[in-house]
Amino acid sequence: MKITSRFAPSPTGPLHLGHAYSALLAHDLAVAAGGTFLLRIEDIDQSRARPEWEEQIYKDLSWLGLSWPEPVMRQSDRLGAYRDALNSLEEMGVTYPCSCSRKDIQLAASAPQEGSAPVYGPDGLVYPGTCRNAAFNVGVPNAPAIRLHMAKAIDLIDTKSLSYHETGSGKHQVMSINLADALTRVGDIVLARRDMGTSYHLSVVIDDAAQNVTTVVRGEDLAEATQIHVILQRLLSLPTPQYHHHRLIRDDAGKRLAKRDDARALAKFREDGLSPQHIRKMVGLSD
Ligand code: GLU
């Protein structure tokens, strides 16, 4: 198989050691197999994306010794493709508009009549379904979000083949999607926010397919989201790539690195005179 991997950062802050690990791993995997490493800029959240962070991404990755084909795919240029996919899902009848605010969701999920403790899934609090059956909400124009009706979605797909190949942690395993979990621990995720016209889940699935990505390399914090991605791939008749979820790089206290941890920013290490080889060593990769 000819490998195409990708690194897909959001330009919302400086890249840190965790990003370096992800990018280097994706790059090394592709190059070792004579394949292609792609870079994709995930800038659908225009309220947080900044051109200066995008510039910094190119600079940091080039400094690490990575290269990629141009032009780089930028998600803010792809809104038409996301709209088409959303229309297809709407035509299948597996979506509904949702006008709940974050606060509404919190209140509904913790209401005593729900009877059980709120459940947290890949996107945080699992949506309690308030707008799912609300007759008043049918066709609400300008609803702030469009959600996936998970139960209807599962009914529409061939659930026998609902799995993906995981190659992280040196193993190769077939991971089955647990349908009961998809209903209760994932639920009706947001497919599109009105202000963005899409969501992380929808755009990542569309773009991995559009770029013929065969191997998705990303942190294990995103492993839970993969079940959503596989379900969307089946609904939209898109291929499912292999997934390689890697360990997270943590700080000295064992805390996962975040963009706000400027002290761990690659640019900072570069200014301090470290070399790309140092960075490779720090994240546990060989030269
Ligand atoms: N854009 C996402 C991030 O920066 C990564 C998405 C992915 O690799 O699937 O966390």
Side-chain angles (χ1 to χ4, degrees), residues 3-30 36-50 53-58 60-61 64 66 68 72-79 81-82 85 121-124 164-168 175 186 189-191 193 196 198-233 236 238-250 256-261 264-266:
I3 288 189
T4 299
S5 68
R6 50 66 163 183
F7 177 56
S10 300
T12 55
L15 296 188
H16 54 58
L17 281 179
H19 295 106
Y21 181 50
S22 218
L24 288 165
L25 203 58
H27 174 266
D28 290 2
L29 263 168
T36 309
F37 166 75
L38 301 175
L39 174 63
R40 180 170 74 227
I41 300 294
E42 301 215 321
D43 59 349
I44 51 171
D45 186 352
Q46 287 285 308
S47 68
R48 293 173 60 225
R50 297 277 177 275
W53 291 128
E54 188 176 326
E55 277 313 308
Q56 181 86 50
I57 289 172
Y58 300 135
D60 286 347
L61 296 180
L64 283 176
L66 307 189
W68 49 86
V72 166
M73 181 181 275
R74 207 196 267 124
Q75 289 193 322
S76 54
D77 295 332
R78 305 256 312 141
L79 299 183
Y82 310 143
D123 285 354
Y164 65 94
H165 290 265
E166 171 68 61
T167 60
M175 308 291 286
V186 177
I189 50 106
V190 170
L191 283 173
R193 297 206 175 275
M196 290 185 204
T198 184
S199 62
Y200 159 62
H201 300 303
L202 185 64
S203 43
V204 84
V205 157
I206 301 301
D207 292 343
D208 283 335
Q211 295 192 292
N212 298 314
V213 170
T214 62
T215 310
V216 171
V217 177
R218 61 187 180 193
E220 63 193 12
D221 54 330
L222 287 170
E224 261 201 305
T226 305
Q227 48 193 326
I228 301 171
H229 301 169
V230 173
I231 289 170
L232 290 177
Q233 285 151 2
L236 294 164
L238 300 174
T240 292
Q242 279 190 353
Y243 287 87
H244 186 106
H245 292 105
H246 60 71
R247 66 184 161 83
L248 300 179
I249 305 292
R250 299 180 184 275
R256 189 185 128 193
L257 298 180
K259 287 216 168 104
R260 58 187 174 279
D261 295 329
R264 299 269 156 172
L266 286 182

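Order of listing sets the numbers, starting from 1, for every ligand and every atom in it. Nothing fancy with the numbering, it's 1 onward along the sequence. Quick caveat: nothing in here was measured; it's all calculated off a predicted structure.
Taking every non-hydrogen atom of E42 and a distance limit under 4.0 Å, the qualifying atoms of ligand 1 come out as 1 (N), 2 (C), 5 (C), 6 (C). Atoms of ligand 1 lying under 4.0 Å from any heavy atom of S10, numbered from 1 in the order shown and given with element: 1 (N), 4 (O). Shown in contact with V204 at under 4.0 Å from a heavy atom are these atoms of ligand 1, numbered in order with element: 9 (O). Interface atoms of ligand 1 facing Y200, defined by a heavy-atom separation under 4.0 Å, are 6 (C), 7 (C), 9 (O).
Residue contacts with ligand 1: F7 is excluded, as none of its non-hydrogen atoms falls under 4.0 Å.
Taking the centre and axis of the six-membered ring of Y21, the NZ or CZ atom of R247 falls inside the cone set by 45° and 6.0 Å.
Between A8 and ligand 1, an N or O atom pair is found at a separation short of 3.5 Å.
Closest approach of V204 to H201, counting heavy atoms only: CG1-O, 3.4 Å.
Under 4.0 angstrom from ligand 1, the non-hydrogen atoms of R6 all belong to its side chain.
Of the possible donor and acceptor atoms, none in the side chain of T215 sits under 3.5 Å from a partner among the backbone N and O of S5. H165 places no side-chain N or O within 3.5 Å of a backbone atom of Q242 that could act as its donor or acceptor partner.
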Requested in this report: Test H19 against I57 for side-chain contact (heavy atoms from CB on, under 4.5 Å), laying out the working first.
Outcome: CA-CA 10 Å; H19 295 106; I57 289 172; over 6 Å; no

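Looking only at side-chain heavy atoms (C-beta outward), S203 and E42 stay at 4.5 Å or farther from each other.
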